[in-house]
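Worksheet: the structure to be examined is printed underneath.
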Amino acid sequence: MQPRPIPGSVVGASHRVGHRLRGAGFPAPQETRRVGVAIVGGGIAGLSAAWRLQKRGYEDFALLELEAEVGGNSRSGENRISPYPWGAHYVPIPSNESTLVRELFEELGVIEGYDAGGLPIYNEQYLVSDPQERLLIHGHWQEGVVPQLGISEQDRAQYQSFFARMDQFKNARGSDGKPAFAIPLEASSQDPRYLALDGKTMAQFMDENGWTSEPLRWYVNYACRDDFGCRLDEVSAWAGIHYFASRTGMGANTGHQAVLTWPEGNGWLVRQLRSKVQAKLRPQALVFRVEERPEGSLEVDYVEVATNRAVRLVADRVIFAAPRFVAGRVLPDLASKPPAYLHAFGYAPWMVANITVQHPPAGSGAPLSWDNVSYLSPSLGYVVATHQRLAQYPQAETVLTYYLPLSETDPATARRMAIARSHGEWCDQIVADLSRMHPGIRNAITNLDVCIWGHAMIRPVPGFIWGRDRQAALQPHGRIHFAHSDMSGISLFEEAQYRGVMAADQTLAALATPRQA
């Protein structure tokens, strides 16, 4: 007998609308409006640029976003049970270098004050609750994601060696006095001995150090896929080490291993930022042309997706907060003569599913946690949307957010295959995987929605983070200032926020500078 179909749909990123940029045929603008600054892209970078402009007293801006909702891959959804993330779902405790994150967190009440020693005091409701994470290995759930069950003494010795080296990197400073690995990464040391790590893969770095333990390499591969959507044989060693060595933040009431999270993940932060600049937002606006006029202003043409009506903004400056490959299509001079750096920007595709279940899944060993991972799964497991509720009810309905980086083949092939797959095919794959973790879970599923992120995050392959291409891409293009996490080479909330703020500051400085006669 065929199993019952699972209700749900493929939702999220508007691939068909965005793919219009590959062709022509856009209508002529029917209206022209004037604005001081146009922000293209409403992800964390665009929202952060808007936040910064407004905080500096500049109000003459508009934020254009392709989707119906802002947030990029930090967006979220909600049903009658709970809000839930559609992508990024936590922020590590900010380090000393993450000054902009701490400024925002103070403003939002995430940081409630500071102790006598200067350590931030975090709002307890936003610190991830225990139990934080567990791993299914050898048919048993263990506490923590680093494999412990069934490992050999040789494995343990390699664990000790690897984590000791990561601690050395965490505490290291370069010849310039800066931390070897920092967030934002531009605060990292430029000491050549550390930058050289960007020239090899994380797998090569582990080979050189004799770290051959299968469970250790599984864990490092998990970490690379989690933060970068790429395998350890694809990721720069500098990026791979950064995952372990850059998270040095401490709080008066928490350590650096904790994270900040919300039922809707980083969608909570999107909602707070959106509320501050709501009047400036223009959603469902597909920007198809950004070009400088001879006299120095910029024309920003966009289509209102719902009506296919074109509008032209004439702006003094543009903050381009969409991914760089989009700029290569909407800036005519970049499209006609692509700069050499554009070829270096590659993006990892992901699939994220939100699965409503009648009751939380069970299992022997460690109890259901916020983050639940299986050693044998191709996915990164799932997080539980209702985990942060103060009262936990074993039989209550909940939503599981399931993450699958599509890293088993090249990104272009993975994107095509993911978009072509039907909802039913995705259901079969996801349920088969979850059933290996939780036999019989299919009967508990009442809805399953799928979102495909074709270009979810920049891929920090060897040579990209500290190479010439990224450095060239950091420069403004005339009166256009770029802002997106892909400019960092690492797709983190902190990096997106930093790029948005830096672009806003560049823009304000340029607007304050008198034009040359």
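Note that the structure is predicted; figures quoted are calculated from it, not measured.
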| task | Show your reasoning for whether side chain to side chain contact (heavy atoms under 4.5 Å, CB included) applies to Glu103 and Lys55. | result | CA-CA 11 Å; Glu103 179 184 344; Lys55 286 200 71 171; 2.7 Å; yes
| Hey, mind stepping through Gln132 and Ser369 against side chain to side chain contact (heavy atoms under 4.5 Å, CB included) and telling me if it holds? | CA-CA 5 Å; Gln132 182 169 335; Ser369 302; over 6 Å; no
| message | side chain to side chain contact (heavy atoms under 4.5 Å, CB included) for Ile93 and Leu260? Distances and angles first, verdict last. | response | CA-CA 7 Å; Ile93 299 300; Leu260 296 152; 4.0 Å; yes
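Salt-bridge formation is not detected for the pair Lys178/Glu186: no Lys NZ or Arg NE/NH1/NH2 atom is positioned less than 4.0 Å from an Asp or Glu carboxylate oxygen. Salt bridge Arg34/Asp316: present, at least one basic N to carboxylate O contact under 4.0 Å.
Relative orientation of the Tyr222 and Tyr219 rings is parallel, given thresholds of 30° and 60° on the angle between their planes. Ring geometry, Trp238 versus Phe181: the interplanar angle falls from 30° to 60°, so the pair is classed tilted.
Atom-to-atom distance recorded for Ile44:CD1 and Leu269:CG is 6.5 Å, nearest 0.5 angstrom. The distance from atom CD1 of Ile490 to atom CG of Leu185, rounded to the nearest 0.5 Å, is 5.0 Å. Separation of atoms OG (Ser491) and CG (Asn73) is listed at 5.0 Å; rounding is to 0.5 Å. A distance of 11.0 Å separates CG of Asp301 from CG of Leu286, quoted to the nearest 0.5 Å. Atom NZ of residue Lys280 and atom CG of residue Leu47 lie 14.5 Å apart, to the nearest 0.5 angstrom. Rounding to the nearest 0.5 Å gives a distance of 5.0 Å between OG1 of Thr356 and CD1 of Ile81.
Between the Ser9 side chain and the Val11 main chain, no donor and acceptor come within less than 3.5 Å of each other. Judged by distance alone, the side chain of Glu425 and the main-chain N or O of Ser422 form a donor-acceptor pair under 3.5 Å. Using modelled atom types, one side-chain atom of Trp453 and one backbone atom of Trp86 make a donor-acceptor pair closer than 3.5 Å. Panel note: side chain His423, backbone Val10; no donor-acceptor pair is recorded below 3.5 Å. Between the side chain of Asn354 and the backbone N or O of Pro85 there is at least one donor-acceptor pair closer than 3.5 Å. For Asn372 (side chain) and Arg134 (main-chain N/O), no donor-acceptor pair under 3.5 Å exists by modelled atom type. Between the side chain of Gln506 and the backbone N or O of Ile480, no donor-acceptor pair lies under 3.5 Å. When atom types are taken as modelled, the side chain of Arg470 and the backbone of Met487 share a donor-acceptor pair closer than 3.5 angstrom. Using a distance-only test at 3.5 Å, with no hydrogens or angles considered, a donor-acceptor pair links the side chain of Gln497 to the main chain of Val101. Checked by atom type and distance alone, the side chain of His387 never pairs as donor or acceptor with a backbone atom of Leu368 at under 3.5 Å.
With 3.5 Å as the limit, one finds no donor-acceptor pair spanning the side chains of Glu264 and Ser76. Trp51 and Glu107 share a donor-acceptor pair across their side chains, judged by distance under 3.5 Å alone. Using modelled atom types, one finds a donor on one side chain and an acceptor on the other under 3.5 Å when comparing Ser95 with Ser98. In summary, the side chains of Asn221 and Arg231 do not present any donor paired with an acceptor at a separation below 3.5 Å, with no hydrogens or angles considered. In this structure, a donor-acceptor pair under 3.5 Å is absent between the side chains of Thr507 and Arg317. The closest side-chain donor-acceptor pair between Ser82 and Thr386, if any, does not fall under 3.5 angstrom. Between Glu106 and Tyr114, the side chains place a donor N or O and an acceptor N or O closer than 3.5 Å (distance only, hydrogens not considered). Of the N and O atoms on the side chains of Asp433 and Tyr402, at least one donor lies less than 3.5 Å from an acceptor on the other residue.
Not less than 6.0 angstrom separates the ring centroid of Phe320 from the ring centroid of His477.
No side-chain heavy atom of Arg324 sits less than 4.5 Å from a side-chain heavy atom of His484. Proximity of Glu304 to Glu31: side-chain heavy atoms (C-beta onward) are nowhere separated by under 4.5 Å. Side-chain contact between Pro283 and Val70: absent, with no pair of heavy atoms (C-beta onward) separated by less than 4.5 Å. At least one side-chain heavy atom of Pro361 sits under 4.5 Å from a side-chain heavy atom of Leu400. At a threshold of 4.5 Å between non-hydrogen side-chain atoms, the residues Leu53 and Ile39 count as touching. A heavy-atom distance below 4.5 Å is not found between the side chains of Leu281 and Glu65. Using a 4.5 Å heavy-atom threshold, the side chains of Tyr126 and Leu108 count as separate. The side-chain heavy atoms of Thr401 and Tyr382, taken from C-beta on, include no pair separated by under 4.5 Å.
Judged by a 6.0 Å distance limit and a 45° cone about the ring axis, Arg459 is not positioned over the six-membered ring of Phe464. Under the 6.0 Å distance and 45° angle rule, Arg329 does not count as a cation-pi partner of Phe325.
For Glu69, the CD atom is loosely surrounded, since the number of other residues' heavy atoms within 6.0 Å does not exceed 12.
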